[in-house]
Amino acid sequence: MSDTQFDLIVIGAGPGGYVAAIRAAQLGLKTAIVEEQHLGGICLNWGCIPTKALLSGAALAQQFKHSQQFGFSLGAIDFDIQQLVRHSRQVSEQLVQGIGQLLKKNQVTVFNANAQFIAKERLELTDAKWQKQQISAPHIIVATGARAANLAHVPVDGQHVWSYKEALVPEQLPKSLLVIGSGAIGSEFASLYQDLGCQVTLVDIAKQILPSEDIEVAKYVQKQFEQHGMTVLTEAAVQNIEIDKGQVHCHVETATGVQTITVEKVLSAIGVQPNTQNLGLETLGIEFEHGFIKVDPWCKTNVVGVYAIGDVAGAPCLAHKASHEAILCVEKIAGLTHVHALDRSQIPGCIFTHPQVASIGLSEQKAKAAGFTINVGKFPLQANGKALALGETTGFVKTIFNQETGELLGAHMVGHEVTEHIQGFAIAKYLEATDESLAQVIFPHPTLSEAMHESVLSAMQRAIHI
Ligand SMILES: Cc1cc2nc3c(=O)[nH]c(=O)nc-3n(C[C@H](O)[C@H](O)[C@H](O)COP(=O)(O)OP(=O)(O)OC[C@H]3O[C@@H](n4cnc5c(N)ncnc54)[C@H](O)[C@@H]3O)c2cc1C
């Protein structure tokens, strides 16, 4: 086989693409990956990882604030946001380098270029010096991800109006910030900047913040945000903005009329749009659904030999969904027989706000709308010994069970490090645990996870500590 002929080619080296390439190589396929920017994609460079590095700084700021409770008097503390940004960029760079090494170790050929289909099994690559070459394979996976969607009347200029990229590398902490969009990305940045000392206004056109979450969770988090000093406007839309002398005047339509909110920066976080342009997909006759590439449960498109995974293949736009699709898609291509199709009800969602939010499965509203008769359990962290010891009593665990069968339909958590704990419910759900079986599980003491147990018991009217 020549250096331009492969068994499998992946376009895009995000958590979908690089995982697909490594797994394909492990399975003995001669594999290439094409990346036009940085290995690691949005996740490692401009998404999951650098945001969490910044959020760790914000969490520390909050710990300093509450350190008196533990006997410390810290006095005035200096904060250098540029050092926090440096930390965030260093973490990204380290991981990106690691991906390069992993690809090398697995003998994946890496092309630093833009890829475009010129036929079903053939790509044209264009590198930064406009040099072109062609490579081909019988299996090509599109893993090109997504980019920020824009509001036409609030154009991102990188200076006064930010996208998430500018919000990740601020030169200084703005005094005030208005965030448009309260999904995971918008809410995480709102929480981050508020906790670092910026005055934040969070605006969403939806009835609740975190529109995909259980209503009770969203209302609770909104209250917490407001207690931290954030202004939250739901059912509100930014009509237009005016930029004058370094300030942005935002005209926001609310239920009570139009308000003008003046801030130093605006962050547009209204969602993402798939990277499907200039790939030659239309020429191949690839089908789309709401702009995303339409795939079957094995990530196959309607064109034989062409696959799509991750953000470009549709919601939820999450790194772990991209990586999971990568594995199942490649294993199916390699002919493995144990492969399971993606079950979207098994994908956990984590939002790294303060307090954190984590969930899996159906919300109470969705479970009812789907026609289930349900038992709902709830346990506050206020009644959990470890939470009290940590001084982290904000939040609760809510569980939803099918009353007839006892099956766990959904779990929703708010509070300290719940993003680490949701995996317990993810495993339970995957193994089709019931309320009865979860009640039998022994949870260690003293841990925050005991609140998960108590929530299950609460759904069975058997909670001990409330
Ligand atoms: C601020 C922010 C925070 C986030 N936080 C989280 C989080 O905490 N948890 C979570 O699960 N998700 C999070 N996400 C979402 C997560 O980053 C994405 O779901 C994930 O990166 C999708 O992976 P992917 O492989 O599909 O695409 P991407 O990571 O977007 O990678 C696609 C790659 O394809 C390359 N590419 C595109 N077109 C071409 C082409 N024609 N030729 C060659 N290369 C091409 C791009 O350069 C890019 O590197 C966050 C996103 C953002 C923006």
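Atoms within each ligand, like the ligands themselves, are counted from 1 in listed order.
We find that R89 and E93 are not joined by a salt bridge, their nearest charged nitrogen and carboxylate oxygen being 4.0 Å or further apart.
Contacts of F352 with ligand 1, taken as heavy-atom pairs under 4.0 Å, involve the side chain alone.
Contact atoms of ligand 1 toward V34: 43 (C), 44 (N) (distance under 4.0 Å to a heavy atom of the residue). Those atoms of ligand 1 that come under 4.0 Å of a heavy atom in G310, given as number and element, are 26 (O).
Judged by the shortest distance from any of its heavy atoms, K52 lies inside the 4.0 Å radius around the atoms of ligand 1. For I185, the heavy-atom gap to ligand 1 drops under 4.0 angstrom.
For atom 15 (C) of ligand 1, the closest non-hydrogen atom on the protein side is C317 O, 3.6 Å.
The closest side-chain heavy-atom distance from V161 to I241 is below 4.5 Å.
Between the CG atom of L408 and the CZ atom of F425 there is a distance of 6.5 Å, given to the nearest 0.5 Å.
Relative to atom 14 (N) of ligand 1, the option among C48, G16, G47 with the closest non-hydrogen atom is C48. Considering only non-hydrogen atoms, atom 17 (O) of ligand 1 lies nearest to C43 out of A115, C43, A269. Comparing G186, G349, P15, G41 by heavy-atom distance to atom 24 (P) of ligand 1, the nearest is P15. Comparing K165, E188, E35, R147 against atom 35 (C) of ligand 1, the shortest heavy-atom distance belongs to E35.
Ligand 1 has a nitrogen or oxygen under 3.5 angstrom from a nitrogen or oxygen of L318.
F396 has its ring centre no less than 6.0 Å from the ring centre of F379.
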